[in-house]
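Since this is a predicted model, take the numbers as computed values, not measurements.
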Amino acid sequence: MTETRTELLRDSAAFSGFSVDDLDAARTFYEDVLGLRTSGEPAMGGIMHLHLAGGRDVLVYAKGPGHSPATYTVLNFPVPDVDAAVAELTARGVQFLHYDEPPTDENGVMRAGGPLIAWFTDPAGNVFSVLEQS
């Protein structure tokens, strides 16, 4: 009988990551528009960490012309007031996405069931969201 170790990755400090086509453009957007902290990996060119609340980091790596934007939401930012977050980000130049399904309003906010949520993209076309946390 073979022993199975189901706890193999239980204590692993896992992290997620996604690609961008232009690391400098992404860094400028994340820092100057979204107000996030970033840091590079000098020993490993083309890699950046997004430092998120709660000590969570996300790896962002340059893929250049081979980059294809994610077709799903790669980062969700819970906020206390989606409408206020949308207004602030719009004032900073962010353009919110509009969908027929699920339907979004004129500001890009989905109000049809579930938490209020609005989607936007980074300069590489990856989808992010702000969603209202109650």
Do you know the tightest heavy-atom contact between Pro78 and Gln133?
CB-OE1, 3.7 Å
For a quick test of reading the model, state the closest non-hydrogen atom pair linking Ala26 to Met48 and the distance between them.
CB-CE, 4.3 Å
Test: salt bridge (charged side-chain N to carboxylate O under 4.0 Å, His left out). Region: residues 13-30. Which pairs qualify, not counting sequence neighbours?
Asp24-Arg27
Asp81 meets the salt bridge (charged side-chain N to carboxylate O under 4.0 Å, His left out) criterion, sequence neighbours left out, with none
Indicate the atoms forming the closest heavy-atom contact of His67 with Ala124, along with that distance.
NE2-O, 2.9 Å
Would you say Val127 and Tyr61 are hydrophobically clustered, going by side-chain heavy atoms of ILVMFWY under 4.5 Å?
no
Taking every non-hydrogen atom, the tightest pair across Asn76 and Ser129
OD1-OG, 2.7 Å
Does the Asp100 side chain pair with the main chain of Pro103, one donor and one acceptor, at a distance under 3.5 Å?
no
State yes or no: do Val74 and Phe77 share one hydrophobic cluster built from I, L, V, M, F, W and Y residues joined by side-chain heavy-atom distances below 4.5 Å, directly or via other members?
yes
Among Thr73, Ile117, Leu116, whose side-chain contact (heavy atoms from CB on, under 4.5 Å) with Leu131 holds?
Ile117
Is the ring pair Phe18/Tyr30 parallel, tilted or perpendicular, if the boundaries are 30 and 60 degrees?
perpendicular
Residue pair Phe29 / Asp122, side-chain heavy-atom distance below 4.5 Å:
yes
How about Leu89 and Leu34: do any of their side-chain heavy atoms sit closer than 4.5 Å?
yes
Measure across Asn126 and Ser19 and return the closest heavy-atom pair with its distance rounded to 0.1 Å.
ND2-O, 2.8 Å
If hydrophobic clusters are built by linking Ile, Leu, Val, Met, Phe, Trp and Tyr wherever their side-chain heavy atoms come under 4.5 Å apart, do Phe128 and Leu97 end up in the same one?
no
With sequence neighbours excluded, give me every salt bridge (charged side-chain N to carboxylate O under 4.0 Å, His left out) pair touching residues 88-97.
Glu88-Arg92
Any side-chain heavy-atom pair of Val109 and Phe96 under 4.5 Å
no
Could you state whether Val60 and Leu52 fall into the same hydrophobic cluster, counting links through intermediate Ile, Leu, Val, Met, Phe, Trp or Tyr residues with side-chain heavy atoms under 4.5 angstrom apart?
yes
Look up atom CZ in Arg111 and atom CG in Asp83, then write down how far apart they are to the nearest 0.5 Å.
4.0 Å
Would you call Thr38 and His49 a side-chain contact if the rule is heavy atoms closer than 4.5 Å?
no
Val79 and Val94: same hydrophobic cluster, using ILVMFWY side-chain contacts below 4.5 Å?
yes
Under 6.0 Å from the OH atom of Tyr72, do we count more than 12 heavy atoms belonging to anything else shown?
no
Is there a donor-acceptor pair under 3.5 Å between the side chain of Asn107 and the backbone N or O of Ala87?
no
With a 4.5 Å heavy-atom cut-off, do Leu50 and Leu75 have their side chains touching?
yes
Rounded distance (nearest 0.5 Å) linking atom OG of Ser16 with atom CG of Asp57
10.0 Å
For the student: nearest non-hydrogen atoms of Glu132 and Pro80, plus distance
CG-O, 3.6 Å
Mind checking whether Val86 and Phe120 have side chains closer than 4.5 Å, heavy atoms only?
no
